[in-house]
Amino acid sequence: MTGRDGMVESLIYTKPVSLTERATHYCPGCTHGISHRLVAEVIDEMGRRETTIGVAPVGCSVFAYDYFNMDFAEAAHGRAPAMATGLKRVSPDRLVFTYQGDGDLASIGAAEILHAAGRGENITVIFINNAIYGMTGGQMAPTTLPGQKTTSTPSGRDIEMHGFPLKMCEILSQMDGAAYIVRRSLHDVAHIRKAKKAIRQAFEVQEQGIGFSMVELLSSCPTNWGISAQEALTWVEEHMVPAFPLGDYKVHASINAGKKG
Amino acid sequence: MASGYIEIDEELCKGCELCTTVCPKDLLEMALDRFTPKGYHPAELVDPEGACTGCAICSVICPDAAITVYRFVPAEKAGVS
């Protein structure tokens with residue numbers, strides 16, 4: 001269609017083909033939607049939609065297989081890295097990724113993620129850290145911040161009683177098998193763009209067979225935090241980023257030098 | 001100055017308002033006169049003066065991939081992007 005004088009309209013952005021047309025069940029403003037979109041955009045850009053297999057977790061993103069327009073499997077709670085291990089070993093030409101929340105990855109699935117990283121499985125993990133159990137109603141998660149109120153810590157997480165949050169990037173970066181371990185945040189547009197670059201890098205690490213890659217994404221849960229979508233993003237920036245510092249925790253020497261995520 | 005416009009898929013928009021907080025031209029508002037099929041007030045572009053540049057920042061923060069962005073480009077460049 002011709003617009004103004006001598007000008008024609010050009011499509012700048014539309015929903016990625018790697019997402020289905022289906023509307024998600026996520027709450028308004030939930031950053032799961034942003035994470036899904038970024039992964040889908042990267043897979044579109046890499047031209048790998050028909051050669052990618054995702055593994056969905058248990059948690060709010062349990063229905064991720066309905067939203068990604070590609071092959072998907074559903075793992076038992078926390079066992080996505082184990083399932084991804086099998087898929088990747090049987091089909092090494094496929095891009096295999098897991099999409100896991102903090103309850104799934106850092107609690108019941110802690111053993112699976114540690115051993116997958118330790119073995120250096122050539123898979124990519126998208127780790128959504130929103131410091132709470134979303135699906136079950138906002139209970140304390142392994143990543144809940146000290147003092148943070150949840151439905152199971154109504155007066156705030158007490159470190160004397162409940163211990164300290166787990167920092168998965170810091171832990172996994174110690175693994176010899178890990179190739180690319182980074183933490184990004186989704187609290188504003190600039191950080192969302194950086195997160196997308198990291199996701200692209202992680203998938204490229206897998207394509208090149210360098211080893212285990214994980215991108216942790218600091219995310220929001222407006223509903224269970226009891227605040228608006230915008231306030232939730234501000235809370236991520238003001239509370240989560242200081243507790244979970246952003247950065248590259250492990251970048252294998254063979255990953256193209258000078259290319260910053 | 002670049003010129004463009006956006007379309008918001010009201011089947012997908014959940015009225016989270018995040019796009020309204022990031023538009024550099026402050027052109028996005030909640031349409032309080034209607035509801036989406038899911039029962040939310042959708043966001044809408046209010047741009048009587050054609051100020052939208054098609055920068056696509058709104059689409060970067062949209063959790064529901066509900067925003068499609070168009071930009072007007074010179075005819076000779078069409079098809080390049």
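Order of the sequence lines sets the chain letters (A, B, ...), proteins ahead of strands, with each chain counted from 1.
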- Is there side-chain contact between Y40(B) and P28(A), with at least one heavy-atom pair below 4.5 Å? yes

- Minimum side-chain heavy-atom gap R193(A)-V60(B) below 4.5 Å: yes

To check you understand the geometry: which heavy-atom pair defines the closest contact between [X] and [Y], and what is its length?
| X | Y | answer |
| --- | --- | --- |
| A65(B) | L19(A) | CB-CD1, 4.3 Å |
| V73(B) | S10(A) | CG2-CB, 3.8 Å |
| P63(B) | C30(A) | CB-O, 3.3 Å |

[X], part contacting chain A, at a heavy-atom distance under 4.5 Å:
| X | value |
| --- | --- |
| I67(B) | backbone |
| V22(B) | side chain |
| T21(B) | side chain |
| E17(B) | neither |

Atom [atom1] of residue position [X] - does it have more than 12 heavy atoms of other residues, nucleotides or ligands inside 6.0 Å?
| X | atom1 | answer |
| --- | --- | --- |
| E11(B) | CD | no |
| E45(A) | CD | yes |
| K25(B) | NZ | no |

Report which part of [X] has an atom under 4.5 Å of a heavy atom belonging to chain B: side chain, backbone, both, or neither.
| X | value |
| --- | --- |
| Y67(A) | neither |
| E21(A) | backbone |
| L186(A) | neither |

Give, for atom [atom1] of [X] and atom [atom2] of [Y], the distance between the pair rounded to the nearest 0.5 Å.
| X | Y | atom1 | atom2 | value |
| --- | --- | --- | --- | --- |
| L18(B) | S220(A) | CG | OG | 7.5 Å |
| R37(A) | I61(B) | CZ | CD1 | 9.0 Å |
| Y5(B) | I12(A) | OH | CD1 | 11.0 Å |
| Y13(A) | C62(B) | OH | SG | 8.0 Å |
| T24(A) | K14(B) | OG1 | NZ | 2.5 Å |
| S59(B) | E41(A) | OG | CD | 7.5 Å |

- Message: With side chain to side chain contact (heavy atoms under 4.5 Å, CB included) as the criterion, how do T68(B) and K15(A) come out once you've worked through the C-alpha distance, each side chain's angles and the decisive distance to 0.1 Å?
- Response: CA-CA 7 Å; T68(B) 301; K15(A) 187 170 182 170; 6.0 Å; no

- Query: Among R71(B), K38(B), E7(B), which has the most heavy-atom pairs under 4.5 Å with chain A?
  - Reply: R71(B)

